[in-house]
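Please read the structure below before turning to the comments.
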Amino acid sequence: MGRNPTLTFDRGTLILHPPPHSKAWIDYATWDDRVEKFRIPAIRYRCLVEALQAEDTNFTDEAKGFYPLDLVASLEMTPYPHQNEALAAWKLAGRQGVVVLPTAAGKTYLAQMAMQATPRTTLIVVPTLDLMHQWYAHLTAAFPDADLGLLGGGSRDQTPILVATYDSAAIHAETLGNKYALIIFDECHHLPTDFNRVIAEYAIAPYRLGLSATPERTDGKHADLNILIGREVYRQGAEDLAGKALAEHQIVQIKVKLSQLERERYNQLIQTRNDFLRQSRISLGSLQGWQTFVQMSARSQVGRRAMLAHRQAKEIALGTDGKLRILMDLLAEHYPARVLIFTADNATVYRISQDLLIPAITHQTPVKERHEILTKFKEGEYNTLVASHVLNEGVDVPAASIAIILSGTGSAREYIQRLGRVLRKGNIENKQAILYEVVAEDTSEEGTSARRRGERSNEPQRCEEREEKKEKKKDRKGN
Amino acid sequence: MLPTELLIHRQNGEEIIPKRLKLDQQHLCLANNLIGFFKEAVGKSQGVLERQLADFEGDTTDYRMKRGLAYILKSSFCTFEVVSPLEPPMLRERVFAFAAKSVPSREATEVTLSKVADELSQQLQQEVLPIQVRDGLYADLSENKILTAFEAPKPDDLLHRYNLSQVQGVFYKASQLVLNAHRNVPGEYKLLFRYLKLFRLMAYIEGDADHGFTISIDGPTSLFTPSTRYGLSIAKMIPALLHVTKWSLAATLQTRDLYTNEWKPGRFTLNSECSLVSHYPKGKPYDSMLEQSFADKWDSLKSGWILEREVDLIPIPGSVMIPDFRLVHPDGRTFLLEIVGYWRTEYLQRKFSQVRRANSDSLILAISERLNLERAGVKLNDFPARIVWFKEKLLPKAVLAVME
């Protein structure tokens with residue numbers, strides 16, 4: 001008598017050995033000469049098992065590392081009709097598929113409903129640390145007894161319910177692959193990249209839910225979601241939430257003069273940069289001009305010097321001491337109201353945090369600490385918070401009524417998001433919010449501010465900011 | 001190894017030529033300067049070191065090369081540690097909660113820092129200064145970590161390491177590597193396959209000792225589609241390969257065409273004449289004294305059989321068996337010899353099941369009589385290999401007897 005066929009998980013693949021006598025499974029299998037056994041892509045686990053069962057083939061499943069959970073929810077809301085409909089459609093499609101809902105339509109709660117309907121080990125994949133925090137906060141409230149952990153942003157938990165960033169989940173795809181029955185892909189348009197898709201491909205998870213407001217990708221790869229998650233099972237168009245959810249607000253712009261010393265240094269640096277630009281006949285007024293500047297600066301010493309001067313000038317405008325004095329003024333004026341401070345760079349965030357002992361959040365803040373800081377801010381134990389770009393998406397801070405932008409980029413989207421955050425009504429009636437914008441006078445920053453408020457559109461400058469972000473990212477990685 | 005953005009190579013037609021620094025006065029001097037900065041930075045923060053390095057970079061255009069060298073020093077020769085009176089997250093919680101009770105200002109900061117310092121001094125039974133609280137607040141940020149130890153390499157070692165890292169970087173984009181190896185000693189192969197296993201790579205082996213072996217290296221899912229997923233592991237294996245004496249390799253690379261954004265396959269080749277220097281420890285020439293003394297005695301026997309260390313690799317599904325010796329007679333007969341000395345039960349079980357699966361009729365197994373095969377659950381009926389039993393030492397005569 002031969003041994004019973006056994007299915008095992010091997011680093012993102014399945015091995016079925018010895019081969020069963022039935023036939024249907026062979027459609028999924030490829031002979032692997034290296035081990036002299038049949039190998040099957042992990043993503044085919046469900047089809048394979050169903051095929052084996054359909055033919056009454058006996059086999060031992062050692063691949064399956066997932067298991068049922070007792071999920072008792074302490075957070076129950078009455079679902080919106082669209083949440084009920086979406087859940088029903090997903091279940092009907094065999095618990096595989098993509099749900100398209102507009103932002104703020106309660107995707108997290110829908111996911112919670114899907115988890116309660118499929119109570120098994122679950123992996124939730126999210127694109128940013130902010131969203132990771134948001135999911136962690138929600139799930140802690142929803143399932144207080146569950147063993148909940150994080151992968152990414154400084155955490156490396158191994159828990160039956162795990163919230164991971166796409167980055168970390170992709171890095172650990174080989175080991176995560178057989179541990180979860182349900183995978184929820186938040187903002188699932190991030191999945192079909194060369195690097196991220198292995199999260200779906202190396203996983204045996206029979207149940208998959210993709211969530212997105214905009215699944216479409218310019219490279220057309222969203223079609224791959226059909227294979228990686230499942231087809232689109234539900235779609236609801238965007239509703240106009242503006243006007244209802246936003247509070248009344250007032251915008252105050254404050255101009256700061258550079259100090260004598262700063263001004264001299266600033267002019268000198270701009271001079272260095274402009275001399276080079278003139279010699280090389282580059283005009284920064286166009287997208288091409290900026291790109292040429294970047295290229296030239298990598299080739300010659302003069303060019304590199306000009307680029308460094310450009311950056312230093314910018315730093316002076318962003319971080320002038322005058323701004324800090326204004327900041328202290330504003331903080332004193334509004335104490336003890338809840339105030340959010342935004343800056344463009346981490347160095348300034350930490351400088352403010354250290355000088356004024358204000359809690360800080362940047363991309364370097366571990367997610368659990370970030371969660372605690374935001375909780376304390378909401379509860380009023382902290383009344384000030386300083387953050388860099390990282391608070392841009394998806395985190396509500398309804399308690400805040402004052403925002404101070406110390407420096408920022410010209411992107412209108414970021415401006416509105418920052419504004420919207422402070423101005424979310426929350427439970428407070430007649431909330432009058434104020435947004436301060438502190439800008440250095442007679443520097444390139446004034447233009448940035450104008451663009452931010454949509455007064456002037458200037459594409460090339462925006463490109464410059466994007467390019468600089470990329471460069472900084474590179475610098476960070478290099479360190 | 002280096003992050004992608006510090007890799008430098010030039011393209012000559014289809015050929016990729018990674019950056020290679022000559023070990024000349026100029027580069028040795030540069031390496032020496034950098035090592036000097038690190039030596040001086042011991043006891044200081046990473047931020048101080050970074051600023052020193054940035055000053056050294058200045059406005060020179062070869063900053064990527066300098067960053068690459070510094071990166072290697074930072075990642076392989078330095079220990080950075082968090083220095084703070086209390087775990088920084090706990091310290092922050094305490095300081096911020098205290099500070100939130102008053103309007104933020106520079107004066108309030110002074111007050112808070114000294115209050116918290118007093119509290120901590122009492123609690124920890126040692127003096128904590130306000131400045132230590134301030135510095136400890138974000139001591140866990142990488143720029144504030146303290147360089148506590150630096151094991152300075154020699155300048156030429158640093159350059160060798162850099163050159164090797166640049167070559168390793170080419171393999172990040174590799175989807176498969178085909179290795180041709182010829183007439184190498186078993187210890188070298190053993191080391192190579194140990195690393196293959198460590199980095200979770202898979203190998204497919206073809207060939208024999210006389211004509212050389214072709215070893216194809218990739219990973220589990222490569223069976224379905226070529227993937228650069230295993231490129232990093234392949235790169236990590238390269239230093240182990242440098243300890244093998246005679247080989248050449250060709251890697252298939254997957255790169256994106258900058259203009260069409262389509263995948264296009266590339267090729268990179270390397271061989272044992274590349275004069276790169278490995279920093280991985282070398283394998284031992286012999287696994288045990290037993291093997292060595294056997295080899296020493298063989299020649300005095302004058303049997304006509306030549307004892308070779310350049311052995312056959314015997315592929316077994318999912319693994320490989322690397323015998324200790326190969327015995328070659330001028331008339332063309334060959335045998336492989338594996339010495340099984342004193343080992344743990346599991347090792348023995350695995351070894352015997354390997355031999356069964358290898359099913360090679362030219363294999364001789366020399367087994368120590370001290371091994372209790374019965375207890376290890378090994379049965380020798382229908383065993384495919386020839387067996388020589390030995391007590392303390394394996395005598396060449398006994399092996400000769402089973403061959404002739």
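Every chain is numbered from 1, with letters handed out A, B, ... down the list of sequences. Treat the numbers as computed from the prediction; the structure is a model and nothing was measured.
In this structure, the portion of B/Ala203 lying under 4.5 Å from any heavy atom of chain A is its backbone and not its side chain. No part of B/Asp62 comes within reach of chain A, as not one of its non-hydrogen atoms sits under 4.5 angstrom from that chain. Heavy-atom distances place no part of A/Asp219 under 4.5 Å from chain B, backbone and side chain included. The parts of B/Arg200 that come within reach of chain A are both its backbone and its side chain, each placing non-hydrogen atoms under 4.5 angstrom from that chain. Interface residue B/Glu57: only side-chain heavy atoms are found under 4.5 Å from chain A. Looking at B/Glu93, both its backbone and its side chain come within 4.5 Å of chain A, counting heavy atoms on both sides. Of the atoms belonging to B/Leu223, heavy atoms from both backbone and side chain fall under 4.5 Å from chain A.
Note that the OH atom of B/Tyr138 and the CZ atom of A/Arg351 stand 14.5 Å from one another [nearest 0.5 Å]. Remark: A/Arg11 CZ to B/Met202 CE distance equals 6.0 Å, nearest 0.5 Å. One distance of note links CZ of A/Arg34 with CD1 of B/Ile217; it measures 11.5 Å at 0.5 Å rounding. Atom CZ of B/Phe224 is separated from atom CD1 of A/Ile40 by 7.0 Å, given to the nearest 0.5 angstrom.
A distance-only check finds a donor-acceptor pair linking the side chain of B/Thr109 to the backbone of A/Asp355 [under 3.5 Å]. A donor-acceptor pair is defined here as one N or O able to donate and one able to accept, closer than 3.5 Å; no such pair exists between the side chain of B/Arg229 and the backbone of A/Val198.
At least one side-chain heavy atom of B/Leu113 sits less than 4.5 Å from a side-chain heavy atom of A/Leu357. A/Met328 is not listed as a side-chain neighbour of B/Val103, based on a closest heavy-atom distance of 4.5 Å or more. By the 4.5 Å heavy-atom criterion applied to side chains, B/Phe96 and A/Ile358 are not counted as neighbours. By the 4.5 Å heavy-atom criterion applied to side chains, A/Gln364 and B/Glu143 are counted as neighbours.
Taking a 6.0 Å sphere around NZ of A/Lys221, one finds it holds more than 12 heavy atoms contributed by other residues, nucleotides or ligands. Within 6.0 Å of NZ in B/Lys173 there are 12 or fewer heavy atoms belonging to other residues, nucleotides or ligands.
Ion pairing between a basic and an acidic side chain is recognised when a charged N comes within 4.0 Å of a carboxylate O; B/Arg92 and A/Glu369 show such pairing.
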request  = May I have the step-by-step check of side-chain contact (heavy atoms from CB on, under 4.5 Å) for B/Tyr63 and A/Arg304, ending in yes or no?
outcome  = CA-CA 10 Å; B/Tyr63 62 93; A/Arg304 176 109 180 107; 3.3 Å; yes
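With respect to chain A, the highest number of heavy-atom pairs below 4.5 Å among B/Pro104, B/Ser227, B/Gly58 belongs to B/Pro104.
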